[in-house]
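Residue numbers begin at 1 in each chain, while the letters A, B, ... track the order of the sequences. Only a predicted model underlies this, so the values are computations on that prediction, with no experimental measurement involved.
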Amino acid sequence: MSTFDAHYTPAHHFARDADRYAAWERAGLFRPRPAAERFAMILPPLNITGGLHLGHAYEHAISDAFIRHRRMLGAETLWLPGTDHAGIATQALMERQLAAEGTSRHELGRDAFLARTRAWGDMTGETIATQMRRLGMSPDWDRSTYTLDPGPARATHAAFSRLFEQGLIYRAERDTLWCTGCQTGLSDIETTETAGGRICTRCSSRIEIRSTPQWYLATTTLAASARSAFESGQLRIDPPELATEYLRWLDEMRDWCLSRQLWWGHRIPIWYGADGTAHSFGPDEAIPAGWTHDEDTLDTWFSSGLWPLATLGWPEATEDLARYYPNDLLITGSDLIFFWAIRMTMLCTHLTGTAPFKRLYLHGMIRTEHGKKMSTSFGNTIDPLDYADEFGTDALRLALCRRARPGADLSFGRTDLTGALALLKKLWSIARLTTAYGIHLAASTPPEPQEPTHPLDRWLASRLERTRALASAGFEELDLAGTTDALARFMHDDLSDLYLEARKPSLRHDPGSRATLAATLAELLLLLHPIAPYLTEQLWESLAGAGGSSQDALDAHAWPAARPGRLDPEAETDVDRLRRLLHAARSHRAKHGIPAGTMLPGHADGLECSAELLRLARLRPDDTIRDHHAAAILTCGPATLTIGTLPQDAEQPLRRSRTLRRC
RNA sequence: GGGUGAAUAGCUCAGCGGUAGAGCGCUUCCCUUACAAGGAAGAUGUCGGGGGUUCGAUCCCCUCUUCACCCA
């Protein structure tokens, strides 16, 4: 049995957390394990231009909680990570690097430029993976995919060729937004407004309108597919308000300019014959002699739009594709509804006849503590690892999950983190107390409370059942804030503030209270695990008894099942009265300036937990007090708490302070 | 310019037809041996302005104002 420090100090656990993560990975915990039910999700591919910012940590904390929850439910769970080559952003960044070295991509040549950029992307890709590991994220690293990998490259090529064959891709010359710095067209929007000096956000260059030949994708048919995916009920969108936006975008969808005058990206699979004929040969077709390859690359969002297919081996009929397509959930920012989510539903639904995911969770934007947008140009971005270093990974995740509701932006900062850390310290302290009484979590599953008979034991079991229901409902309804808040309140208000304070004297000898605490804490650790994986697992190990399966990761344990038999309205009523009377008694004490340490005489009637009430209210049992010389008579339903006077006040004229009726 | 969302305690946010809620902050008391990044008690709001519907509106409808985001 391990010993507990008096306080939980996150920094003392970093080394152990890292070991634990390595053990999870070694055990293959993040890989899907065949089961009757499946749950698949892709991670929005991370832009290789930089590391993770707080917004990523938010998205990942939500995602990881859902994934771990599904794993505990016993599903065959896939969370597939990946990175995105981010054509224009990466090329602009590399060109700035080259300019600083006094050279240019043209001096370097296309092949050398691509090799250099690829090496750079490999490096940042590694950085991102390291950051995610540090944050305790549990994607299937073995399936990690990069948009320029051979698989996605083939999928991108195949999709383009098919759309070309279907006559949906055409070449046209029309006004296009043109970035003077990157020397490329930018978007699919025809514009009749002069764009003037609007700044290209990627490279800070001037934008102007140019008329150049570009390749376009006709979107009418695809938009219809995306619309029917939603209207048929195949695809559900959270929050529902954003479904309106989704449909509006589809109504207004214009043809999509696919070509970019860049080197970095998927080269457009178009070849030109000697007579100028353009054709898109498929990935398995030989290019006839004399045909030349188009110089341009594809809009990055085209390959990103195929991501649910490209990561699973499409267009081949792979086993992964059969098992994990469509995905069950996609979690991404509401700002990407147009750029990414819709491109996926259009392309994937059109190509396969099935929407790429069953449910779309659009999260809001994370802001500074006072609601300011975070951006590199404001210089107020935050590295989530700085927060993890200061508050611990679990506190960061808990703080983020506690604010996670679909669609809503969140102002987030140190106050949230301090609160989350305080809760984890509380959990630590509860575990420490449990250990001090020699109580263990007896087995790998929580023991049945041995028919709890004490009203406080029955009450705690009842509260736990309600909390479990709320926590589960939050996961089902994508309201992680609801889940987290229910767990935090149970831990703080019910278990710690009331139960432990009231039952502490019994914990040393009463088998009922010992079993109740052991079972409750075990279940609480399981329920909190998807949100705070490191600390819950460590406490699980520390509290496991001799027969416990402390070697098993908590993810391998079952999510607590519903046990409505635990609900006990009578015990809830009784303890609720105890709570109200205790509050009233403390008010009485505060109002009359009687210190908490001073014992007063008192007695309680009509309440099962009267002994606990008297002790918590610091009243010495004395049922000789008569109404006419009581200092206060507090009532709640049939329950009455009578409080006497201080000995030295016994001869004073009697003043009944107040009588409460609350229930 | 178009669209969407938001406006509730000093701050950050829940609630959403029936006497205003939480956390943090604030005031006072307590180092009550699991927890001082703690515990207890307490103060704090014309629920953005104006109309309407209703027996009754923070909640529904209209309108105005302000802020934010996406597209222009």
Side-chain angles (χ1 to χ4, degrees), chain A residues 4-10 177 187-196 198 207 239-249 251-254 333-339 341-342 362 364-365 367-373 375 390-392 395 399 402-403 405-437 439 479 481-482 484-486 488-489 491-493 495-501 504 507 517 521 582-599 615-618:
Chain A
F4 276 89
D5 292 342
H7 305 286
Y8 167 63
T9 309
L177 291 179
S187 76
D188 55 342
I189 292 124
E190 292 178 65
T191 176
T192 50
E193 288 131 47
T194 45
R198 243 175 104 227
I207 300 295
E241 304 91 83
L242 286 177
T244 321
E245 190 138 345
Y246 174 86
L247 293 173
R248 196 179 53 80
W249 276 120
D251 286 342
E252 296 174 8
M253 187 63 63
R254 310 197 193 185
S334 56
D335 54 334
L336 288 180
I337 187 168
F338 170 69
F339 275 118
I342 280 187
L362 296 158
M365 189 186 301
R367 298 166 169 281
T368 68
E369 205 150 11
H370 292 288
K372 276 208 70 157
K373 184 178 176 171
S375 98
E390 186 175 351
F391 296 93
R402 199 167 188 187
R403 302 291 302 280
R405 287 177 195 278
D409 287 358
L410 60 158
S411 304
F412 184 88
R414 309 181 64 83
T415 308
D416 298 273
L417 292 156
T418 305
L421 179 54
L423 272 169
L424 293 179
K425 282 175 182 278
K426 179 69 80 176
L427 181 63
W428 176 270
S429 165
I430 292 169
R432 184 164 175 257
L433 175 75
T434 305
T435 310
Y437 283 112
I439 297 169
D479 175 13
T484 313
D485 200 55
R489 282 173 193 280
M491 175 170 75
H492 189 276
D493 300 349
L495 177 57
S496 178
D497 264 15
L498 188 53
Y499 183 83
L500 288 177
E501 289 304 332
K504 215 183 314 187
L507 284 175
L517 177 57
L521 185 53
L582 175 61
H583 183 86
R586 284 172 174 163
S587 265
H588 167 78
R589 205 180 265 277
K591 199 154 284 181
H592 294 84
I594 306 165
T598 309
M599 295 294 278
R615 197 175 56 74
L616 290 173
R618 302 197 155 244

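- Taking every side-chain heavy atom of His583(A) into account, rG42(B) is the closest of rA34(B), rG42(B), rA40(B).
- Here rC35(B) presents its P atom at 11 Å from OH of Tyr437(A), a figure rounded to the nearest Å.
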**Request:** Report the C-alpha separation of Thr368(A) and Phe412(A) in whole Å, then their side-chain angles, then the decisive distance to 0.1 Å, and conclude whether the side chain to side chain contact (heavy atoms under 4.5 Å, CB included) test is met.
**Result:** CA-CA 5 Å; Thr368(A) 68; Phe412(A) 184 88; over 6 Å; no

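- In this structure, CD of Glu241(A) is placed 11 Å from C1' of rA6(B), rounded to the nearest angstrom.
- Summarising the geometry, the separation between CZ on Arg403(A) and C1' on rC24(B) is reported as 11 Å, rounded to the nearest angstrom.
- Nucleotides rU46(B) and rA41(B) place their P atoms 26 Å apart, quoted to the nearest Å.
- Only the P atoms considered, rG2(B) is 49 Å distant from rA43(B), to the nearest whole Å.
- When each of rA34(B), rA40(B), rC69(B) is scored by its nearest atom to the side-chain atoms of Arg586(A), the top-ranked nucleotide is rA40(B).
- Of all nucleotides listed (rC35(B), rA22(B), rC69(B)), rC69(B) comes nearest to the side chain of Arg367(A).
- Heavy-atom distances to RNA chain B give each of Glu369(A) and Lys373(A) a nearest nucleotide, and the one nearer the 5′ end belongs to Glu369(A).
- Separating the C1' atom of rG23(B) from that of rC59(B) is a span of 23 Å, rounded to the nearest Å.
- A salt bridge between Glu390(A) and Arg414(A) is present, with a side-chain N of the basic residue lying under 4.0 Å from a carboxylate O of the acidic one.
- Taking the C1' atom of each, rG25(B) and rA9(B) are spaced 11 Å apart, rounded to whole Å.
- Residue Tyr246(A) is classed as having no contact, given no heavy-atom separation below 4.0 Å to the nucleic acid.
- With distances taken from any side-chain atom of Ser429(A) to the nucleotides rC70(B), rC35(B), rA72(B), the minimum falls on rC35(B).
- If you take CZ on Arg489(A) and CG on Asp497(A), they are separated by 12.0 Å, rounding to the nearest 0.5 Å.
- Distance check on atom P: rG18(B) versus rC61(B) gives 16 Å, rounded to whole Å.
- Comparing rA34(B), rA41(B), rC70(B) against the side chain of Ser587(A) picks out rA41(B) as the nearest.
- Side chain of Glu245(A), nearest nucleotide from rU4(B), rG39(B), rA72(B): rU4(B).
- Residue Lys591(A) contributes atom NZ, which lies 8 Å from atom P of rA43(B) at whole-angstrom precision.
- Neither OP1 nor OP2 of rA34(B) sits under 4.0 Å from any side-chain N or O of Thr434(A).
- Separating the CH2 atom of Trp428(A) from the P atom of rA37(B) is a distance of 17 Å, rounded to the nearest angstrom.
- Taking atom C1' in both rA6(B) and rC16(B), one finds a spacing of 15 Å when rounded to whole Å.
- Residue Lys504(A) places at least one side-chain N or O under 4.0 Å from the OP1 or OP2 atom of rA34(B).
- As a whole-Å value, the separation of Asp5(A) CG from rC35(B) P is 13 Å.
- In terms of the ring-ring contact (aromatic ring centres under 6.0 Å, His included) criterion, residue partners of Phe339(A) (sequence neighbours excluded) are, by chain and number, Trp301(A).
- If you check every strand for non-hydrogen atoms under 4.0 Å, Arg589(A) touches nothing.
- Side-chain atoms of Lys425(A) and base atoms of rC35(B) include no donor and acceptor less than 3.5 Å apart.
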**Complete:** RNA chain B in dot-bracket form (Watson-Crick or G-U pairs under 3.5 Å, [ ] crossing, | inter-strand) is (((((((..((((....[..)))).(((((.......))))).....(((((..]....)))))))))))).

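- For rG39(B), the OP1/OP2 oxygens have a side-chain nitrogen or oxygen of His492(A) closer than 4.0 Å.
- Under a 4.0 Å N-O distance rule, the pair Arg403(A)/Asp416(A) qualifies as a salt bridge.
- Among the heavy atoms of the strands lying under 4.0 Å from Ser496(A) is at least one base atom, whether or not backbone atoms are also near.
- Separating the P atom of rA22(B) from that of rC64(B) is a span of 36 Å, rounded to the nearest Å.
- The NE2 atom of His583(A) sits 14.5 Å away from atom CG of Leu616(A), with the distance rounded to the nearest 0.5 Å.
- One distance of note links CZ of Arg586(A) with NZ of Lys591(A); it measures 15.5 Å at 0.5 Å rounding.
- Every residue two or more places apart in sequence or in another chain that forms a side-chain contact (heavy atoms from CB on, under 4.5 Å) with Arg589(A) is listed here: Ile594(A), Thr598(A), Leu600(A), Arg618(A), Leu619(A).
- Residue pairs meeting the side-chain hydrogen bond (donor to acceptor under 3.5 Å, both in side chains) criterion with at least one partner in residues 419-432 of chain A, sequence neighbours excluded, do not occur; the list is empty.
- Nearest to the side chain of Ala590(A), among rU32(B), rC70(B), rA41(B), sits rA41(B).
- Checking side-chain atoms of Asp409(A) against main-chain N and O of Gly364(A) turns up no donor-acceptor pair under 3.5 Å.
- Applying the side-chain hydrogen bond (donor to acceptor under 3.5 Å, both in side chains) rule to Asp479(A) yields the partners Arg405(A); only residues at least two apart in sequence or on another chain are considered.
- Of the candidates rA37(B), rC69(B), rA34(B), the closest approach to any side-chain atom of Leu500(A) belongs to rA34(B).
- Asp485(A) comes within 4.0 angstrom of nothing in the nucleic acid, heavy atoms only.
- Between the C1' atoms of rU65(B) and rG48(B), the separation comes to 8 Å (whole Å).
- Separating the CZ atom in Phe391(A) from the CG atom in Leu417(A) is a distance of 5.0 Å, to the nearest 0.5 Å.
- Sequence order on RNA chain B of the closest nucleotides to Leu421(A) and Ala436(A) puts Ala436(A) first from the 5' end.
- In the set rG39(B), rC70(B), rA72(B), the nucleotide with an atom closest to the side chain of Glu193(A) is rA72(B).
- Rounded to whole Å, the distance from CD on Glu501(A) to P on rA34(B) is 8 Å.
- Taking CZ from Phe4(A) and OG1 from Thr434(A), the interatomic distance works out to 8.0 Å, rounded to the nearest 0.5 Å.
- Applying the 4.0 Å criterion to OP1 and OP2 of rA34(B), one finds that His7(A) has every side-chain N and O outside that range.
- Of all the residues in residues 408-420 of chain A, Ser411(A), Thr415(A) reach under 4.0 Å from RNA chain B with at least one non-hydrogen atom.
- One atom, CG of Leu423(A), and another, P of rG38(B), lie 10 Å apart when rounded to the nearest Å.
- The side chain of Ala422(A) lies closest to rG38(B) when the candidates are rA40(B), rG38(B), rC69(B).
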